[in-house]
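Working notes for the structure below.
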There are 2 protein chains.
Amino acid sequence: MKIQNSKNKNSIIIGPAVAVDTLIFTIRDGKLMVLLIEIGSGPYKNKWALPGGIVQLNETLDEAAKNVLKKKAGINGIYMEQLYTFSDLKRDTRGRMISVAYFALVNSDRFNLKTMDYYSDIEWINVRKLPKMAFDHKEIINYGLDRLKSKIEYSNIVYGLLPETFTLTEMQNVYEIILGKKIDKRNFRKKILALGLLTETKKVKTGAKHRPAKLYKFKKRELVFTK
Amino acid sequence: MKIQNSKNKNSIIIGPAVAVDTLIFTIRDGKLMVLLIEIGSGPYKNKWALPGGIVQLNETLDEAAKNVLKKKAGINGIYMEQLYTFSDLKRDTRGRMISVAYFALVNSDRFNLKTMDYYSDIEWINVRKLPKMAFDHKEIINYGLDRLKSKIEYSNIVYGLLPETFTLTEMQNVYEIILGKKIDKRNFRKKILALGLLTETKKVKTGAKHRPAKLYKFKKRELVFTK
DNA sequence: TACTAAAGTGTTAATAATACACTAACAATA
DNA sequence: TATTGTTAGTGTATTATTAACACTTTAGTA
């Protein structure tokens, strides 16, 4: 490939390398978790990092992010959105690397990290109790967390964290976990139902030793803005 | 520079090249304008493009964006924010190029493009009447326009478009031009003043053949969120 | 059948958003 | 200096949204 720049015609440009890093949130045990990989060797040995990889010449960033997630975590078919592009000169001590961060929300019940023995060092980690992180990945996580907090206020984005059907209390728990605060039950239900994003199913969740809860589902499991 | 990837150790990675493109909005003659350069040669000859350039190994993206703007438009010392990173495989027919778009708002009175004869092909162009655009720059402009429209609703970002002191009517005009709709004068003033972003100066704008208007200024000329 | 635990439900008050029309002050000019 | 033209400046009533707050219902279990 030949590219012109203003100084040398027909020269190959060796610029910063480009990577994608994927920030995958889920909720487990009532906690907001993020998918991390423990690095096994090199200068970042024993530190934790977001699943990431180099962007190839023949893939877009969206594709690169999907491919990384598939290869490193066995996760397929989820919607990811671009978060931000990080470019500190020293963010990777091994060389100049620009990273485009992507983020997504998944229901971790759908994915079984344990079956992937090949990656024994991949885990869901509580986002409020991060281990030693490699690169600037702590910063990326915090950036993503801010985006998540604001986006749940004006979109249906939490559908990614919830199973096909769910109770309103389960949905409220997701909001409370992400926002880190209690929400009034009546106001929450009123507001969510008024948005018209959900439909009631005819089923209820039984088995608990209390009154069964109605099960709801999202009308659309794709991003919809509500404001 | 040597970088490892998973397949070849100690190999240099030749990945996509990285550029920044800068999207600079201003208001002139009651219109929202964007700074464009006409391309003089090559496959995109006679098409228009955002000021852009290759990211060097020793500069961050923020720095690269600043440097581009200084070099190509003689514009210095403005706050730019990262917009989005574009990566379509075919976005530049000359080779694989990823572009990180930045955007900023300026008061064009402060800058005099005419003095820069060196760039006879740089102009403020009405954003609603774009000429033939090179690359995916039309898409970038539309993306930036959406960001601008939403951001003026929850921040003081318009300070960039306004001079040091201004009347409330001038400020309202800026909002109307960007949003493309009329706003009620009384409600606008009530809301803006209630946000507490402005201070009244002791001066008025005279000379017009009607009642003089009070001049206001921003308390802070830096990004502040209001919601 | 009594107890436990979460599900489910309405009203009131406070705040924010919208719709809407006249008076004030200066410049120009008759 | 009186009149006219033009934009600046202002308030109130209505509606919509958000926030605060407590009791009844229903299934499971003892």
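Every chain is numbered from 1, with letters handed out A, B, ... down the list of sequences.
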Looking across every strand, which nucleic acid part, if any, lies under 4.0 Å from A194(B) by heavy atom: base, sugar-phosphate, or nothing?
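Here A194(B) touches no strand at all.
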
Identify whether the distance between the nearest side-chain nitrogen and carboxylate oxygen of [X] and [Y] falls below 4.0 Å.
X	Y	value
E153(B)	K227(B)	no
K182(A)	E176(A)	yes
R91(A)	D21(A)	yes
R147(A)	E81(A)	yes

Atom-to-atom span, [atom1] of [X] to [atom2] of [N] - whole angstrom:
X	N	atom1	atom2	value
K227(A)	dA17(C)	NZ	C1'	14 Å
L193(B)	dT10(D)	CG	P	9 Å
R186(B)	dA24(C)	CZ	P	15 Å
D184(A)	dG10(C)	CG	P	15 Å
R189(B)	dG11(D)	CZ	P	12 Å
L179(A)	dA19(D)	CG	P	12 Å
K191(B)	dT18(C)	NZ	C1'	11 Å
F188(A)	dT18(D)	CZ	P	14 Å

Hey, could you give me each pair passing ring pair (Phe, Tyr, Trp, His ring centres under 6.0 Å) that has a residue in residues 162-197 of chain B? Not counting sequence neighbours.
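As it turns out, the ring pair (Phe, Tyr, Trp, His ring centres under 6.0 Å) pairs with a partner in residues 162-197 of chain B, which skip direct neighbours, are F166(B)-F218(B), Y175(B)-F188(B).
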
Could you go through nucleotides 12-17 of chain D and list every protein N or O atom that sits under 3.5 Å from one of its N or O atoms, giving the distance for each pair?
from, atom 1, to, atom 2, distance (Å)
dT12(D), O4, K190(B), NZ, 2.9

When you compare the side chains of [X] and [Y], does any donor N or O come within less than 3.5 Å of an acceptor on the partner?
X	Y	value
K190(B)	N187(B)	yes
T85(A)	T85(B)	yes
Q82(B)	D62(B)	no

Between dT10(D), dG10(C), dG8(C), spot the one nearest the side chain of K214(B), thanks.
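Of dT10(D), dG10(C), dG8(C), dT10(D) is nearest to the side chain of K214(B).
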
Pairwise N/O distances under 3.5 Å, protein to nucleotides 3-7 of chain D:
from, atom 1, to, atom 2, distance (Å)
dG5(D), N2, K209(B), O, 2.8

Pick the closest DNA chain D nucleotide for A208(A) and for E170(B) by heavy atoms, then say which residue is nearer the 5' end.
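This one resolves to E170(B).
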
Is there side-chain contact between N46(A) and I39(A), with heavy atoms separated by less than 4.5 Å?
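They are not in contact (no side-chain heavy atoms under 4.5 Å apart), so the answer is no.
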
